[in-house]
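One-based numbering along the sequence shown.
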Amino acid sequence: MPKLLFTGASGFLGANILPILRRKYELVTTLGHLPADDITVDLTKCVPTLPCKYDIVLHAAGKAHVVPKSPEEEKAFYDVNFEGTKNLCTALEKVGTPNTLIFISTVAVYGCEAGEMIDETHPLNGTTPYAKSKIMAEKYLEDWCRKFNVALTILRPSLLAGVNPPGNLGDMIRGIKKGFYLNIAGGKVCKSILMADDIANIIPLVENKGGIYNVCDTDQPTFGQLSVLIAGQLGKRKPLSIPYWLAKCLALVGDMVGNRFPINSTRLDKITKSLTFSSQKAIDELGWSPMKVLETLHID
């Protein structure tokens with residue numbers, strides 16, 4: 001029975017997929033910075049001591065969903081996403097390198113604010129600390145896995161959906177719960193989304209194979225569709241829609257007020273432009289069939 005090491009199991013992704021992984025693999029060891037992890041360590045500060053060699057490593061530990069406000073906060077992205085990856089690899093060398101390493105990256109590496117069906121051939125133009133640190137980690141792992149003959153799979157998920165999601169989807173849910181979420185211009189903007197559970201479902205398909213794959217639902221739900229679904233599950237009224245010009249005025253107020261206001265010009269720009277990605281490569285090469293977000297998303 002293969003042994004699987006899972007880093008980042010105490011985060012949002014881990015909370016959603018760890019129970020599934022434990023059903024698929026009898027021997028799952030978690031590594032993270034919380035006492036609940038099997039191996040408790042801060043990967044940013046030291047090289048962990050591993051008890052044995054692992055067949056599969058799922059490296060999902062990372063920093064995301066925070067806009068850095070200082071050089072120290074920017075540095076934290078590189079400490080977690082890049083230096084943490086290097087420390088993990090050093091630890092793996094000491095006990096024997098795995099057959100397969102699966103790295104959870106992000107579609108943010110492409111650096112796109114808008115676009116349709118972007119695939120894996122797109123250049124890595126990401127400029128945020130989050131994107132740049134993930135690009136650095138990808139390149140490091142490519143060299144390291146080549147050196148030690150490890151099959152490397154890089155998964156680039158889109159916006160993740162699941163229990164207690166972070167990011168824009170989490171903001172939408174909280175806004176609908178409080179009754180102040182508004183769609184803009186009918187909520188027609190499309191965003192690629194992936195059910196977090198699907199990360200666990202794709203792991204057995206990439207064992208010993210390697211490759212780089214975007215992972216997202218083949219359907220591209222609109223903000224309007226998502227908000228109506230979430231409102232219905234929460235027992236809330238259907239969110240109202242406001243015209244773009246009004247949203248722009250509110251965003252200008254937010255620019256002056258600061259973080260206390262729910263919207264500003266930067267956020268408005270992001271939520272009024274469609275951004276979708278293609279997962280066709282994973283479907284064709286792996287036989288993966290992504291879950292339908294609008295059919296499977298349930299808000300607790």
Side-chain angles (χ1 to χ4, degrees), residues 2-9 11 13-14 17 21 29-33 39 41-48 50 53-64 75-111 119-158 160 194 199-200 202-215 277 281-282 285-286:
K3 297 178 181 178
L4 187 149
L5 177 66
F6 181 16
T7 75
L13 178 62
I17 72 171
L21 289 175
T29 301
T30 63
L31 184 153
H33 63 279
I39 302 172
V41 65
D42 185 347
L43 277 175
T44 68
K45 296 180 179 178
C46 61
V47 175
L50 302 177
K53 169 183 165 67
Y54 295 91
D55 303 290
I56 305 166
V57 174
L58 173 57
H59 181 32
K63 181 177 178 62
K75 182 177 180 296
F77 281 94
Y78 298 95
D79 290 342
V80 176
N81 297 336
F82 180 56
E83 296 297 336
T85 296
K86 290 171 61 179
N87 286 338
L88 172 65
C89 288
T90 299
L92 294 172
E93 291 176 32
K94 293 182 178 181
V95 295
T97 55
N99 300 324
T100 297
L101 192 151
I102 302 160
F103 178 56
I104 305 301
S105 187
T106 170
V107 291
V109 297
Y110 300 120
D119 66 18
E120 296 85 352
T121 63
H122 193 284
L124 307 186
N125 293 332
T127 58
T128 65
Y130 174 48
K132 290 170 69 175
S133 61
K134 285 289 191 177
I135 292 170
M136 290 170 63
E138 283 192 16
K139 293 185 182 301
Y140 179 84
L141 287 172
E142 286 174 342
D143 292 338
W144 186 84
C145 288
R146 190 179 302 112
K147 177 180 178 181
F148 291 99
N149 195 31
V150 175
L152 171 65
T153 295
I154 296 173
L155 299 179
R156 294 174 179 161
S158 59
L160 287 172
L194 174 74
I199 295 291
I202 204 171
I203 298 305
L205 303 179
V206 299
E207 284 183 35
N208 304 314
K209 289 185 178 179
I212 298 174
Y213 302 100
N214 292 344
V215 280
F277 298 87
K281 181 182 176 184
E285 294 187 4
L286 304 174

### Query
Is there a side-chain contact between Asp55 and Pro98 (heavy atoms, below 4.5 Å)?
no

### Message
To the nearest 0.5 Å, what is the distance between CD1 on Ile199 and CG on Leu194?
### Response
5.0 Å

### Task
Report yes if the side chains of Tyr54 and Thr29 come closer than 4.5 Å at any heavy-atom pair, otherwise no.
yes

### Summary
Residue set satisfying ring pair (Phe, Tyr, Trp, His ring centres under 6.0 Å) with His122, at least two apart, ordered chain then number -> Tyr110

### Message
I'd like to check Asn99 versus Val150 (side-chain heavy atoms, cut-off strictly below 4.5 Å). Are they in contact?
### Response
no

### Message
Taking Asn208's backbone N and O only, do any of them form a donor-acceptor pair with Thr100's side chain (distance below 3.5 Å, no angle check)?
### Response
yes

### Message
Does atom NZ (Lys209) have a neighbourhood of more than 12 heavy atoms from anything else shown, all under 6.0 Å?
### Response
yes

### Listed partners of Glu138 passing salt bridge (charged side-chain N to carboxylate O under 4.0 Å, His left out), at least two apart
Arg156

### Task
Just do the side chain to side chain contact (heavy atoms under 4.5 Å, CB included) check on Ile39 and Thr30 with the steps written out, would you?
CA-CA 6 Å; Ile39 302 172; Thr30 63; over 6 Å; no

### Pairing residues for Asp79 by the side chain to side chain donor-acceptor pair (under 3.5 Å) criterion, not counting sequence neighbours
Lys75

### Message
If the condition is ring pair (Phe, Tyr, Trp, His ring centres under 6.0 Å), which residues does Tyr213 pass it with, not counting sequence neighbours?
### Response
none

### Task
Begin from the C-alpha positions of Leu92 and Trp144 and carry the test side chain to side chain contact (heavy atoms under 4.5 Å, CB included) through to its verdict.
CA-CA 11 Å; Leu92 294 172; Trp144 186 84; 4.0 Å; yes

### Task
In sequence, state the C-alpha distance, the side-chain angles, and the governing distance for Thr153 and Ile203, and then conclude on side chain to side chain contact (heavy atoms under 4.5 Å, CB included).
CA-CA 9 Å; Thr153 295; Ile203 298 305; over 6 Å; no

### Side-chain heavy atoms of Cys89 within contact of Leu141, under 4.5 Å
yes

#### Entry: Residue list, side chain to side chain contact (heavy atoms under 4.5 Å, CB included) with Ala200, at least two apart or on another chain
Ile17, Ile20, Leu21

### Message
To the nearest 0.5 Å, what is the distance between OH on Tyr78 and NZ on Lys63?
### Response
13.0 Å

### Message
Take a 6.0 Å sphere around NZ of Lys281 and say whether it holds more than 12 heavy atoms from other residues, nucleotides or ligands.
### Response
yes

### Task
Only counting residues at least two apart or in another chain, list the ones meeting side chain to side chain contact (heavy atoms under 4.5 Å, CB included) with Lys94.
Val47, Thr90

### Query
Angle class for the Phe77/Tyr130 ring planes (parallel below 30°, perpendicular above 60°, tilted otherwise)?
tilted

#### Entry: Minimum heavy-atom distance Asn81-Gly62, with the two atoms named
OD1-CA, 3.1 Å

### Message
Working note: Glu142 + Ile212, criterion side chain to side chain contact (heavy atoms under 4.5 Å, CB included); need CA distance, chi angles, decisive distance, verdict.
### Response
CA-CA 11 Å; Glu142 286 174 342; Ile212 298 174; 3.7 Å; yes

### Query
Looking at side-chain heavy atoms only, is the closest gap between Leu58 and Thr7 below 4.5 Å?
no

#### Entry: Heavy-atom check, side chain of Met136 versus side chain of Tyr140, under 4.5 Å
no

### Query
Looking at Leu152, Ile154, Ile56, which one forms a side-chain contact (heavy atoms from CB on, under 4.5 Å) with Leu101?
Leu152

### 4.5 Å side-chain heavy-atom contact, Thr106 and Lys134
yes

#### Entry: Between CG on residue Asn87 and OG1 on residue Thr85, distance to nearest 0.5 Å
9.0 Å

### Task
Take atom CG of Asn149 as the centre, draw a 6.0 Å sphere, and report whether it contains more than 12 heavy atoms from other residues, nucleotides or ligands.
no

### Summary
In short, Ala131 meets Ala108 closest at the heavy-atom pair CB-O, 3.4 Å

### Query
So does Lys53 have more than 12 non-hydrogen atoms from other groups sitting under 6.0 Å from NZ?
yes

### Task
Determine whether Pro157 and Ile104 make a side-chain contact, defined as any pair of heavy atoms from C-beta on separated by less than 4.5 Å.
yes

